[in-house]
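Structure record follows, encoded as structure tokens.
Every chain is numbered from 1 and lettered A, B, ... according to where its sequence line falls, protein lines coming before strand lines. Quick note: numbers below take in every heavy atom, side chains included, and nothing from hydrogens, waters or symmetry partners.
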Amino acid sequence: MSASRKNAITPSRSKDYAEWYQQVIKAADLAELSPVRGCMVIKPWGYALWENIRRVLDAMFKETGHRNAYFPLFIPLGFLQKEAEHVEGFAKECAVVTHHRLELDSEGRLVPAGPLEEPLVVRPTSETIIGAMFAKWIQSYRDLPLLLNQWANVVRWEMRTRMFLRTTEFMWQEGHTAHASAAEAMEEARRMLALYAGFARDYMAMPAIQGEKTESERFPGAVNTFTIEAMMQDRKALQAGTSHFLGENFARASEITFLDQEGKRRYAWTTSWGVSTRLIGAMIMTHSDDDGLVLPPRLAPAHVVILPVIHKDEVRSQVMEYCRQLAARLREVRFHDVPLEVELDTREMRGGEKMWSWVKKGIPLRVEIGPRDVAAESVFLGRRDRPARERESLPLAAFIEQVGAILDEIQKNLYERADAFRRRNTREIDSYDELREFFTPENRQKPEIHGGFALCHWAGGAAEEERLKNELGVSIRCIPLDDEEGEQGTCILTGKPSPRRVVIAKAY
RNA sequence: CGGGGCGUAGCGCAGCCUGGUAGCGCGCUUGAAUGGGGUUCAAGAAGUCGUGGGUUCAAAUCCCACCGCCCCGACCA
């Protein structure tokens, strides 16, 4: 194989997708596994992504009337018990604090001491503790709606973890709201779902289907669970965000009541909704290629890297000065109201290695500056949405003028590429045989990338869903919201009439 | 929690079966060549061989116990 055809990431996506994913994270220096089981360390390049996600979403939440607050990490064990389904859903994955002190034993080892009267659970989610506070704060219909959000870390003791997609501890935001009517709460749940879908589309350049979960996939304790489902490049579905209409369930559990205009005591209607650091995993698996991470410009920690090309000491100061000026001028450019983030990479290392390190980090634009560019007042530009070796010379002034437009074009290209991929791998399927064929790899020992989203008529229940899972390893990802009118059809499993199609896929 | 595997330099591994001076690749440090690309050469630093016990003149190697991690199943943002 010639050097010019070498890719930066081994193995390739098609060779071993799961391993490719790990290698992309490593090569981009986003995160690494920590000494703590199932927990990762998010490194600066990865954390900056989260900070950008957070900055944008936080502004969107505030625009829709929400305020931030912070609730405790610890939840009294008894709180979790208040909502029956909630307990059942989370009990198996709770980290429990049972002691509040360490002592040295006779052999000099630290051992827990000072048992707690009531153990504390490290929050897997905060409905119960927030509900307890809502109960105090809400007395009158005038206190409603109460629209809060919390940025926090939570812990779920999962069996198997994967960086960003499922870690024992993860960061997220959880919105919690209380309303005077069911309709208003439902509207809130749907509004926040749409907000997530818009964020995925406009910032992550990731198409996502808005839909509702079936009963068996519902959040424990919710009346309705809504989801945005995105297709990864291995054609599996990833739940990228959720929004729940909780009905009166948590209000009853936590005694969140208010007096309405007629002076009648009523339970509040609550919602909760969240996205997590999983979004970073979603972004990686939506856009990255066999040369590593590809970042959508609107969330990239840096937009442009300037790579000085210096191979003679005589040109050093001249090239560096040109680079510094270029950096300064670029930093004055605003990209969607945010100043351009510009890196000037002055590390003493070989140019090729340096360039590839930025390709692997997914930075949208690379600008190489050598004596030739200085002389010609130009820049040598590489874009991450094009092959790494494909670069073009551009007059300096034109580049500065167009840089925002170029970034927008990259953003658009990434979205369109992802959307085309999703369409290409989405199929309407009307027989169980075809569904089986769709989800059966040719090589059973080492399955190749196959399947995708199957749109099928469905009128089954939990038992039929169980059958799908057992026989084909797939599940109903959601009942899409966007084609409410739908077309009448026949359920693929039961043969019963069905008012609309559902999305069936393998899932993370 | 059931089944399998692995712990040896920062990372990835060989050595163990058949006990006898601690090895390789990458990375790191230094020097040189190269210079619009992931390069090459040379020199160097770095290891209580997971922990504890046993067998032995001698243990990374054989035996026992423990600890940790990874993979495969049931659970999940």
Side-chain angles (χ1 to χ4, degrees), chain A residues 2-10 18-19 22-23 26-27 32-38 88-94 107 109 124-125 152-162 164-174 196 213 216-220 225-230 237-244 272-282 291-292 307-313 315-316 319 348-360 366-374 376 378-382 388-389 391-393 445 466 469-470 473 475 507-508:
Chain A
S2 76
S4 66
R5 223 172 297 153
K6 191 172 125 191
N7 282 112
I9 302 296
T10 309
E19 180 61 20
Q22 303 290 341
Q23 293 304 324
K26 190 173 167 185
E32 64 185 65
L33 289 173
S34 74
V36 187
R37 194 207 90 108
E88 205 184 318
F90 285 108
K92 279 174 285 185
E93 50 190 60
C94 281
E107 284 162 55
R109 287 175 306 208
T125 179
N153 56 339
V154 290
V155 166
R156 296 184 189 175
W157 214 266
E158 305 285 359
M159 295 301 167
R160 296 192 57 206
T161 60
R162 293 191 68 190
F164 291 111
L165 298 177
R166 185 172 302 108
T167 46
T168 302
E169 177 191 10
F170 58 96
M171 282 186 275
W172 76 348
Q173 69 48 228
E174 46 181 327
Y196 289 150
K213 286 291 188 188
S216 49
E217 299 260 332
R218 206 174 274 159
F219 176 76
T225 286
F226 301 101
T227 176
I228 55 170
E229 296 282 329
L238 182 77
Q239 179 171 339
T242 53
S243 182
H244 314 292
S272 67
W273 29 273
V275 295
S276 71
T277 37
R278 172 179 268 195
L279 289 181
I280 294 172
D291 284 329
L307 303 165
V309 178
I310 296 164
H311 38 78
K312 279 192 238 107
D313 265 343
V315 301
R316 178 178 302 275
V319 169
E348 289 288 331
M349 61 197 279
R350 279 202 60 103
E353 196 186 346
K354 192 188 273 192
M355 177 190 102
W356 280 102
S357 78
W358 288 101
V359 170
K360 287 182 280 191
R366 304 180 308 276
V367 175
E368 300 167 32
I369 302 295
R372 296 209 290 262
D373 308 285
V374 176
S378 66
V379 300
F380 199 54
L381 176 71
R389 287 175 187 82
R391 282 156 293 164
E392 58 174 350
S393 193
Q445 265 64 49
E466 191 63 20
K469 195 176 175 187
N470 292 337
S475 54
Y508 275 93

Quick one: does [X]'s side chain get under 4.5 Å of [Y]'s, heavy atoms only?
| X | Y | result |
| --- | --- | --- |
| A/F380 | A/R372 | no |
| A/K213 | A/E229 | yes |
| A/I310 | A/V315 | yes |

Subject >> Nearest heavy-atom neighbours spanning A/K360 and A/A27 >> reply: CD-CB, 3.8 Å
[atom1] spacing across the pair [N] / [M], given as an integer number of angstrom:
| N | M | atom1 | answer |
| --- | --- | --- | --- |
| B/C66 | B/G19 | P | 27 Å |
| B/C16 | B/G7 | C1' | 14 Å |
| B/A22 | B/U48 | P | 13 Å |
| B/C49 | B/A9 | P | 10 Å |
| B/G2 | B/C75 | C1' | 15 Å |
| B/G15 | B/C57 | C1' | 23 Å |
| B/C69 | B/C11 | C1' | 16 Å |
| B/A45 | B/G25 | P | 15 Å |

Base partner of [N], which must satisfy Watson-Crick or wobble distances under 3.5 Å:
| N | answer |
| --- | --- |
| B/U18 | none |
| B/G73 | B/C1 |
| B/G50 | B/C66 |
| B/U30 | B/A42 |
| B/C13 | B/G23 |
| B/G36 | none |

Side chain of [X]: nearest nucleotide among [options]?
| X | options | result |
| --- | --- | --- |
| A/R389 | B/G36, B/A77, B/G38 | B/G38 |
| A/K26 | B/G36, B/C11, B/G38 | B/C11 |
| A/K469 | B/A77, B/G36, B/C75 | B/C75 |
| A/R278 | B/A77, B/G36, B/G38 | B/A77 |
| A/E353 | B/C75, B/G38, B/G36 | B/G38 |
| A/R350 | B/A77, B/U39, B/G38 | B/U39 |
| A/R156 | B/G36, B/G38, B/A77 | B/A77 |
| A/H311 | B/G38, B/C75, B/G36 | B/G36 |

Need one value for [X]: base, sugar-phosphate or nothing, where a base atom within 4.0 Å counts as base even if backbone is also close, heavy atoms only.
| X | answer |
| --- | --- |
| A/A240 | nothing |
| A/L279 | nothing |
| A/Q239 | sugar-phosphate |
| A/G274 | nothing |
| A/S272 | nothing |
| A/P371 | base |
| A/W172 | nothing |

In whole angstrom, what separates [X]'s [atom1] from [N]'s [atom2]?
| X | N | atom1 | atom2 | answer |
| --- | --- | --- | --- | --- |
| A/E19 | B/C70 | CD | P | 14 Å |
| A/H244 | B/A77 | NE2 | C1' | 9 Å |
| A/Q23 | B/C11 | CD | P | 15 Å |
| A/E169 | B/A77 | CD | C1' | 14 Å |
| A/L381 | B/G36 | CG | C1' | 14 Å |
| A/K92 | B/A77 | NZ | P | 12 Å |
| A/L307 | B/G38 | CG | P | 14 Å |
| A/R372 | B/G35 | CZ | P | 13 Å |

**OP:** Would you please test A/W273 and A/Q173 for side chain to side chain contact (heavy atoms under 4.5 Å, CB included) and show each step?
**Re:** CA-CA 8 Å; A/W273 29 273; A/Q173 69 48 228; 3.5 Å; yes
Original post:
Between A/K213 and B/A77, does any side-chain N or O lie under 4.0 Å from OP1 or OP2?
Top reply: no
Original post:
Between A/R156 (side chain) and A/E93 (backbone), is there a donor-acceptor pair under 3.5 Å?
Top reply: no
Subject >> Donor-acceptor contact present, side-chain A/R278 to main-chain A/F170, <3.5 Å >> reply: no
Subject >> Residue mapping more 5' on RNA chain B - nearest nucleotide basis, A/W157 or A/F380 >> reply: A/F380
Subject >> Salt bridge flag under 4.0 Å for residues A/E217 and A/K469 >> reply: no
